[in-house]
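Working notes, beginning with the structure itself.
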There are 2 protein chains.
Amino acid sequence: MQTVRKDIHNSDIPALCQSCEARHQGICGALTAEQLSALAKHTRRVKREGGQELMADAMPIPAYANVLRGVVKLTKVLEDGRQQVVGLQFAPDLLGRPFASESRVSVETASEVELCMIPKPALENLMRDGSPVEHRVMMQALRELDEARDWMVTLGRKTAAEKVASFLYLIATHIDPTEEGALATFDLPLSRADIGDFLGLTIETVSRQMSRLKADKVIEIVNYRHVTIVDLAQLRLRCG
Amino acid sequence: MQTVRKDIHNSDIPALCQSCEARHQGICGALTAEQLSALAKHTRRVKREGGQELMADAMPIPAYANVLRGVVKLTKVLEDGRQQVVGLQFAPDLLGRPFASESRVSVETASEVELCMIPKPALENLMRDGSPVEHRVMMQALRELDEARDWMVTLGRKTAAEKVASFLYLIATHIDPTEEGALATFDLPLSRADIGDFLGLTIETVSRQMSRLKADKVIEIVNYRHVTIVDLAQLRLRCG
DNA sequence: CGGGCCATTGAAATTATTCAAAAACCGTGG
DNA sequence: CCACGGTTTTTGAATAATTTCAATGGCCCG
């Protein structure tokens with residue numbers, strides 16, 4: 001439905017993509033100072049809570065967006081409602097299928113997210129003249145393709161136990177790489193239902209496997225959402 | 001191991017990528033006449049039988065190649081030998097991961113194929129100056145990403161029966177689109193083992209589901225490899 | 001015609017799902 | 001701070017789906 005919300009007005013100030021620029025990653029890293037400040041005139045920094053749909057499958061993309069913070073999930077559904085999460089996006093990923101009139105997935109915030117919204121024409125103009133931006137976009141597409149294929153192995157060939165371990169390992173290594181060496185502790189960006197949809201499992205199977213990892217002292221489940229990895233090497237081992 | 005084989009010498013004549021050029025698809029369609037004839041000096045048209053490894057996972061890419069005919073499979077393996085086919089490539093796809101020092105998948109011929117081999121520097125020079133070739137490569141990457149995500153739904157959320165139907169439907173709509181309307185009849189480019197590895201199923205389950213489709217008169221199994229689609233609409237229905 | 005290789009079929013075992021209930025968490029309001 | 005209701009998660013038992021193990025059958029090629 002994409003109605004304009006209060007939080008958009010709250011952050012209606014042109015903003016550079018600090019986070020991605022700083023890391024020299026993402027789209028903004030490919031821009032000159034002038035291009036960057038020109039782009040900044042069109043971008044809007046917005047915050048969204050979890051569970052908001054940003055783009056719908058088979059519908060036009062309202063705008064591109066850079067993930068600055070938080071996790072965004074890409075999903076597809078079968079006619080009868082079965083759902084599959086086909087990707088997770090972290091900072092500084094670009095949201096929105098380039099060079100297509102419609103999105104090929106549904107894009108939803110998984111956790112609270114900060115985005116740098118980029119109007120369609122703004123980004124498409126930047127990509128037109130064979131600019132480095134196009135190259136950046138391609139590099140992301142190639143990386144996502146590698147990740148999708150890695151995940152196909154998980155979906156097709158791993159057991160439920162290995163799938164859950166793989167998911168926790170993925171999150172542990174992508175979210176908040178706080179202190180080096182310290183045992184990772186974090187909020188899961190997905191509900192059990194979403195984890196199931198990511199792994200091709202039911203909620204119950206996910207829950208059982210998490211309980212087993214807890215019983216085996218590989219992880220601690222602080223509460224439903226918050227998890228601590230007690231033994232990362234063991235978790236890695238259990239990824240198959 | 002990539003040893004030079006007899007069939008390379010047999011076709012040691014510079015050749016344009018007729019097939020992909022004709023369809024205005026693939027890489028060559030983005031080239032000017034001069035670029036095309038310059039490239040032709042470096043390309044080699046080669047034929048390979050099924051079951052040959054073209055590139056190995058985690059190894060440098062010997063050269064890029066355009067698929068002119070036949071089917072190539074991309075696979076990944078777990079340490080314990082479990083295998084997953086993560087993609088199939090048809091004409092006029094480009095083989096070889098751009099902008100990476102190593103392949104991220106193992107690339108093997110599934111059927112007899114014809115390839116247009118493009119030396120690494122030849123293609124990389126064409127991509128350097130923000131040329132349309134880079135754009136073509138990106139478009140293929142984006143398309144493959146869409147396909148990978150479609151397949152993730154199949155792997156994660158479909159039943160064995162739906163998976164096998166989906167595979168047959170995929171092949172029927174990609175291979176040899178002979179006469180319009182005519183019931184598709186073709187050689188499967190994959191063995192039962194490969195189909196299993198593509199679908200995340202065992203050989204036996206694939207076989208059972210194929211037998212069921214045959215019993216239900218959706219397909220005819222002429223022999224192990226040759227299949228006729230009797231009722232494409234019904235097959236489509238069974239894809240889930 | 002026989003051997004080798006795939007593929008099919010059957011029965012038992014395993015894994016994951018489904019259905020059902022209990023427990024833990026979360027936010028709210030007293 | 002605690003109780004309450006709604007929601008999510010966990011746990012258990014029965015069921016269904018797929019795999020595994022084992023044997024048979026069919027095709028191809030000499």
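Order of the sequence lines sets the chain letters (A, B, ...), proteins ahead of strands, with each chain counted from 1.
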task = Measure the CD1-CD1 distance between Ile171(B) and Ile195(B) for me, rounded to the nearest 0.5 Å.
result = 8.0 Å
ask   = How long is the gap from CG on Asp57(B) to CZ on Arg104(B), to the nearest 0.5 Å?
value = 7.5 Å
Between [atom2] of [N] and [atom1] of [X], the distance in whole Å:
| X | N | atom1 | atom2 | value |
| --- | --- | --- | --- | --- |
| Arg157(A) | dT15(C) | CZ | P | 15 Å |
| Arg82(B) | dT18(D) | CZ | C1' | 15 Å |
| Asp187(B) | dC6(C) | CG | P | 16 Å |
| Leu199(B) | dT18(D) | CG | P | 12 Å |
| Lys158(B) | dT18(D) | NZ | C1' | 18 Å |
| Gln209(A) | dT15(C) | CD | P | 10 Å |
| Leu201(A) | dT10(D) | CG | C1' | 16 Å |

Please tabulate, one pair per line, each protein N/O and nucleotide N/O from nucleotides 7-11 of chain C that are separated by under 3.5 Å, including the distance.
residue	atom	partner	partner atom	Å
dA7(C)	OP1	Arg192(B)	N	3.4
dA7(C)	OP2	Arg192(B)	N	3.3
dT8(C)	OP1	Arg192(B)	NH2	3.1
dT8(C)	OP2	Arg192(B)	NE	2.7
dT8(C)	OP2	Ser207(B)	OG	2.8
dT8(C)	O5'	Ser207(B)	OG	2.9
dT9(C)	OP2	Ser211(B)	OG	2.4
dG10(C)	N7	Arg208(B)	NH1	2.9
dG10(C)	O6	Arg208(B)	NH2	3.4

With a 4.0 Å cut-off, would you call [X] and [Y] a salt bridge?
| X | Y | answer |
| --- | --- | --- |
| Asp93(B) | Arg143(B) | yes |
| Asp197(B) | Lys73(B) | no |
| Lys217(B) | Asp231(B) | no |

ask   = Looking across every strand, which nucleic acid part, if any, lies under 4.0 Å from Gly196(B) by heavy atom: base, sugar-phosphate, or nothing?
value =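 No contact.
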request  = Name the orientation class of the two ring planes belonging to Phe167(B) and Phe198(B) (parallel below 30°, tilted from 30 to 60°, perpendicular beyond 60°).
outcome  = perpendicular
Between [X] (side chain only) and [Y] (backbone N and O only), is there a donor and an acceptor less than 3.5 Å apart?
| X | Y | result |
| --- | --- | --- |
| Ser111(B) | Val71(B) | yes |
| Gln140(B) | Leu94(B) | yes |
| Thr109(B) | Glu112(B) | no |

key: Bend angle of the helix from dC1(C)-dG30(D) to dG30(C)-dC1(D), from helix axes over five pairs at each end, nearest 10°   = 30°
ask   = Using a cut-off of less than 4.0 Å, is there contact between a side-chain N or O of Asn223(B) and OP1 or OP2 of dC28(D)?
value =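 Asn223(B) to dC28(D) OP1/OP2: side-chain N or O found under 4.0 Å.
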